[in-house]
Structures are given as C-alpha cells and as structure tokens.
Amino acid sequence: MVRWETWIYTDVNGGIEITFTDEAMNGNFDYAPAPLDPNIPIRTLALLNRYNPRRVTEFAARVTPDYYATPENTHPLEFYYDLADFQSLQNDVSALEVYTGIPRTLGRYFAENNTTELVVERTVSLLNEQTGDVYRRTGDVRFRNEGDQTGIQGAFVPDVVRLDAPPGYYKLEVQLQDRLSGRQGRYRQIIELEKYQTRSMKVSDLELAWRIAEGGPQDKFRKGELHVVPMPTRTYPKGQNIFVYYEIYNLKRDEFGQTKYQVEYTIAPKGKGVGGAVSRMVRTLGGKREKVLMGYEQVGTMDLETVYTELELGDREPGRYALEVVITDLNSEQTASKNALFVVQ
C-alpha cells in the first residue's frame, strides 16, 4: 500500500536490517510502524514489537561505543603520520598536507607470485568544532613489489593527502584500514591551520623528506618542478642526510624589483636552546658550529620562494634533535621562523 525500502547495516551491532516506509506518500521515509491488524496472534505481535526497526536501532545505539574499539583478538594497525601547512592557491584558505607511512611489515606475501602486496584505505578529515564544517579525503594506498618485503623493518610506503580549509583550529583524524586483513588504526589531534594570506612575510611549515629531486614522475609527491618524498617517521639513520622543503611568502622587492633575504639553519639536541639571532651569528663568526649548521643570503625576483635543501647530519649521536629555520627579509627587515623535531638512530 505504501512505498518502502529495506537497508542492511553490516557494521552495526553485528549486522542489522531496517525497513523504512513512506506512510504519507510525500517522499519522507521513517521507521516502519508496527501493524495494527487485530487478527494477528499475540505471540506474533510480541515478536514484531521486539524486532521493530526503531527498537532495533535504539538498542544498537546503546551497545555501540562512540569511540573506536579494536576488534577482539586483533591488533590495531600501527602507522606513522606527519603534517605541514602551506599557503593555498585558493583565496581565504590554507593548505594542509598530511603524510602517512605504512610499514611494509603489514603487507601480505604471495609465494605463488613472489610478490608483496598492500592495499590500505586511507581517510583524512578535519572538523571545525565551532562551525561544524568537515573536510575529508578518502582513497586507497596500494603497494606491490617483488619478493618478501614483510620482514624489512623500518621500510614503509609513503603517502600524502592535501586538504584546503580556512585558517583556524581543527580536530584532525587520520584513519587507515587494511583491506586484506581488516585491521584498523586511527589517530586524532587538535591542530591550528595557519593563515598565510597576509601582507607580512611568512614561512610555511617544514616538510622533512626522505628525498628531494628535480623532475621525477607526475605523481602525488610532485611539487612544481620538484619531486618530494616525505619522511613521516622523522627518523634518520646515523650518517644519513636530512632533506627539508618549505616556502617563503610575501618577500619585499626593492626599487630594482629584487628580493633579498637571509637563511639560517640551526640544529641542536632537543631540550637545549638554540639562542637568538645575535648569538647564532656570534657562534658562526667565532667558528663554533656545533649549533649553526649553515647560513647564507639569497637574491631573487619573486615574492614567493620555494626552498629545499639537504643538510648533513655528520656523526651526530643518536637522539632527538630540533631543526630551526630562520628567514630574514633584508628589504623589509621582517623575520620569520619555523622548527621541526627529528630523530637520529
């Protein structure tokens, strides 16, 4: 007599089936009501009432937690993630890049093909709790390589997701689900998306990378003319160099249309201060370079500069370190800085 639809929710309370009806025939569906036929036996009415769609839904809501719970007898999917924000090409928004590293040990080795495969569904979302706005990106990360890669400790599959959103505070959630094993992992944190579209000189966050090269394939790691593979673990073997990518905005041009700015890189053990600009210059001129790694001046013609560099870690002892980048616009005398933590092991 009326239009009806039946939906099956496989992940709710072990799987439930709910029927909806359009009783008023106006396109608005609601839970199917209990029948009112007086000829229905009492036992049948009791069963119909027990399995009424609204009652089933209410019961499922009571027993379903509002937080992620790891299924019994399974281990959560552990992964690495990092993030950095930049100026967006769109007006009044900033760009957040989220980098994930999926350990190859999570892959599955197929002996018949002598290959290791990994298929993970990745979801990154931003929630502005004041406005209720949600920004979300979902997609698959696929990896396939010859041989058994599951025993290589420390090796990971990199990935990057870019979200454009207005500056402000957000609740960030990064979730991965292994399509082959069903294991899931989720991380949450509160972040601030910086505002870059201002008149003052600004520096983006520092993206620590495994490798930066000119050219390369046109894939998700391409940034203009550069190919930047992120290092979401922020962990570098002793003796390996560290790659850094960042952007400088709103540099001031002089009367000849040129920009001129000074760059300083400082690396210090975590927990030890790196001092101010004056103390850094004194150490550099005095020959004590245990903290100041490199400093130079640069001339250009663009108010936006894309910068990347390779820093030698040398024989630094294993431990946690802080990298600081200080940019001084020599035309406007404005200074901006950003820092990032990393580990040498």
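- Of all heavy-atom pairs between M201 and I248, the closest is SD-CG2, 4.0 Å.
- Considering every non-hydrogen atom in both Y109 and T115, the closest pair reads CD1-O, 3.3 Å.
- Between the S204 side chain and the E247 main chain, a donor and an acceptor come within less than 3.5 Å of each other.
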task: Mind running side chain to side chain donor-acceptor pair (under 3.5 Å) on E310 and N241 for me, showing each step along the way?
output: CA-CA 6 Å; E310 179 179 1; N241 294 345; 2.7 Å; yes
- request: Show your reasoning for whether side chain to side chain donor-acceptor pair (under 3.5 Å) applies to S94 and S88.
  value: CA-CA 5 Å; S94 298; S88 174; over 6 Å; no
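- Note on residues 20-36: pairs passing salt bridge (Lys or Arg N to Asp or Glu O under 4.0 Å), not counting sequence neighbours, are R3-D22, D30-R54.
- Outside the 6.0 Å centre-distance limit, the rings of Y99 and Y80 are not counted as a close aromatic pair.
- Taking every heavy atom of both residues into account, V344 and R316 meet most closely at CG1-O, 3.9 Å.
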query: Going through the distances and angles, do R136 and L163 end up as a side-chain contact (heavy atoms from CB on, under 4.5 Å)?
result: CA-CA 8 Å; R136 180 182 291 108; L163 293 172; over 6 Å; no
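- Every pair passing salt bridge (Lys or Arg N to Asp or Glu O under 4.0 Å) that includes a residue from residues 164-178 is listed here, sequence neighbours excluded: E129-K171, E173-R186, E173-R188.
- Among residues two or more places apart in sequence or in another chain, the ring pair (Phe, Tyr, Trp, His ring centres under 6.0 Å) test is passed with F342 by Y321.
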message: With salt bridge (Lys or Arg N to Asp or Glu O under 4.0 Å) as the criterion, how do D315 and K238 come out once you've worked through the C-alpha distance, each side chain's angles and the decisive distance to 0.1 Å?
response: CA-CA 7 Å; D315 57 352; K238 183 177 180 180; over 6 Å; no
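- In the hydrophobic cluster analysis, where Ile, Leu, Val, Met, Phe, Trp and Tyr join through side-chain heavy atoms closer than 4.5 angstrom, W210 is grouped together with V244.
- Side-chain atoms of T44 never come within 3.5 Å of backbone atoms of I40 as a donor-acceptor pair (strictly under, hydrogens ignored).
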field: Test side-chain contact (heavy atoms from CB on, under 4.5 Å) applied to T100 and V161, step by step
entry: CA-CA 9 Å; T100 54; V161 175; over 6 Å; no
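- Around CZ of F59, the count of heavy atoms belonging to other residues, nucleotides or ligands within 6.0 Å does not exceed 12.
- Annotation: side chain of I102 is in contact with side chain of L118 (closest heavy-atom distance under 4.5 Å).
- The two residues T105 and T150 make their nearest non-hydrogen contact at CG2-O, 3.2 Å.
- Without hydrogens or angle criteria, R253 side chain to T259 main chain gives no donor-acceptor distance under 3.5 Å.
- Remark: side-chain polar atoms of N331 are paired, donor with acceptor, to backbone N or O of Q258 under 3.5 angstrom.
- Annotation: ring pair (Phe, Tyr, Trp, His ring centres under 6.0 Å) contacts of F243 (sequence neighbours excluded): none.
- The backbone N or O of L330 lies less than 3.5 Å from no partner atom in the side chain of T328, so there is not a single donor-acceptor pair.
- Between the side chain of R234 and the main chain of L341, a donor-acceptor pair closer than 3.5 Å is present.
- Heavy-atom neighbours of L89 CG from other residues, nucleotides or ligands within 6.0 Å: at or below the threshold of 12.
- A heavy-atom distance below 4.5 Å is found between the side chains of P166 and Y135.
- Side-chain atoms of R222 come within 3.5 Å of backbone N or O of G224 as a donor-acceptor pair.
- For the atom pair CG of L83 and CG of L96, the computed distance is 5.5 Å after rounding to the nearest 0.5 Å.
- Residues Y31 and F20 bring their aromatic ring centres within 6.0 Å.
- Crowding of Q240 atom CD: a count of heavy atoms from other residues, nucleotides or ligands under 6.0 Å exceeding 12.
- Look at D140 and R179 and you find a salt bridge, because one of the NZ, NE, NH1 or NH2 atoms lies within 4.0 Å of a carboxylate O, short of that distance.
- For T116 (side chain) and G147 (main-chain N/O), a donor-acceptor pair under 3.5 Å exists by modelled atom type.
- Within the structure, salt bridge (Lys or Arg N to Asp or Glu O under 4.0 Å) pairs that include any residue of residues 90-107 comprise E97-R162, E97-K223 (at least two apart or interchain).
- The closest donor-acceptor contact from the side chain of R320 to the backbone of P269 lies at 3.5 Å or more, if one exists at all.
- Ion pairing of D303 with K252 is absent here, as no side-chain N (NZ or NE/NH1/NH2) approaches a carboxylate O to less than 4.0 Å.
- In this structure the side chain of L45 never reaches within 4.5 angstrom of the side chain of L47, judged on heavy atoms.
- Residues V141 and V157 meet the side-chain proximity criterion, which asks for heavy atoms closer than 4.5 Å.
- Note on Y296: it clusters hydrophobically with L206, by side-chain heavy-atom contacts below 4.5 Å among ILVMFWY residues.
- Side-chain atoms of L323 and N339, non-hydrogen and from C-beta on, never get closer than 4.5 Å to each other.
- In this structure, Y249 has its ring center under 6.0 Å from that of Y196.
- Looking at residues two or more places apart in sequence or on another chain, you find a side-chain contact (heavy atoms from CB on, under 4.5 Å) between T198 and K195, S200, K202, N250.
- Within a 6.0 Å radius of CD in E297, more than 12 heavy atoms belonging to other residues, nucleotides or ligands are found.
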task: Applying side chain to side chain donor-acceptor pair (under 3.5 Å), run through Y81 and Q189 and close with a yes or a no.
output: CA-CA 11 Å; Y81 82 98; Q189 74 173 94; 2.5 Å; yes
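- Side-chain atoms of D205 come within 3.5 Å of backbone atoms of D85 as a donor-acceptor pair (strictly under, hydrogens ignored).
- Contact record, A336 with V203: CB-CG2, 3.7 Å, taken as the closest heavy-atom pair.
- You'll find the side chain of I212 stays beyond 4.5 Å of the side chain of H227, heavy atoms only.
- When hydrophobic clusters are built by joining Ile, Leu, Val, Met, Phe, Trp and Tyr residues whose side-chain heavy atoms come closer than 4.5 Å, directly or via intermediates, M231 is not grouped with V228.
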- request: Could you go through the side-chain contact (heavy atoms from CB on, under 4.5 Å) check for I327 and Y246 one step at a time?
  value: CA-CA 11 Å; I327 308 297; Y246 59 93; 3.9 Å; yes
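- Looking at E194 and K338, a side-chain N of the basic residue comes within less than 4.0 Å of a carboxylate O on the acidic one, giving a salt bridge.
- Nearest approach of F156 to P232, heavy atoms of both residues: CE1-CD, 3.7 Å.
- For the pair V174 and V98, the minimum side-chain heavy-atom distance is below 4.5 Å.
- Residue-environment remark: OH (Y51) stays at or below the threshold of 12 foreign heavy atoms within 6.0 Å.
- Grouping the Ile, Leu, Val, Met, Phe, Trp and Tyr side chains by contacts below 4.5 angstrom, directly or via other members, places W4 apart from L48.
- Within the 4.5 Å cutoff, no side-chain heavy atoms of V326 are placed close to those of V263.
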task: Apply side-chain contact (heavy atoms from CB on, under 4.5 Å) to Y236 and V343, showing your working.
output: CA-CA 6 Å; Y236 294 84; V343 176; over 6 Å; no
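- A salt bridge links R144 with E117: the closest approach of a Lys/Arg side-chain nitrogen to an acidic carboxylate oxygen falls below 4.0 angstrom.
- Neither Y261 nor M302 shares a network with the other; the hydrophobic side chains, linked directly or stepwise wherever heavy atoms of I, L, V, M, F, W or Y lie under 4.5 Å apart, form separate groups for each.
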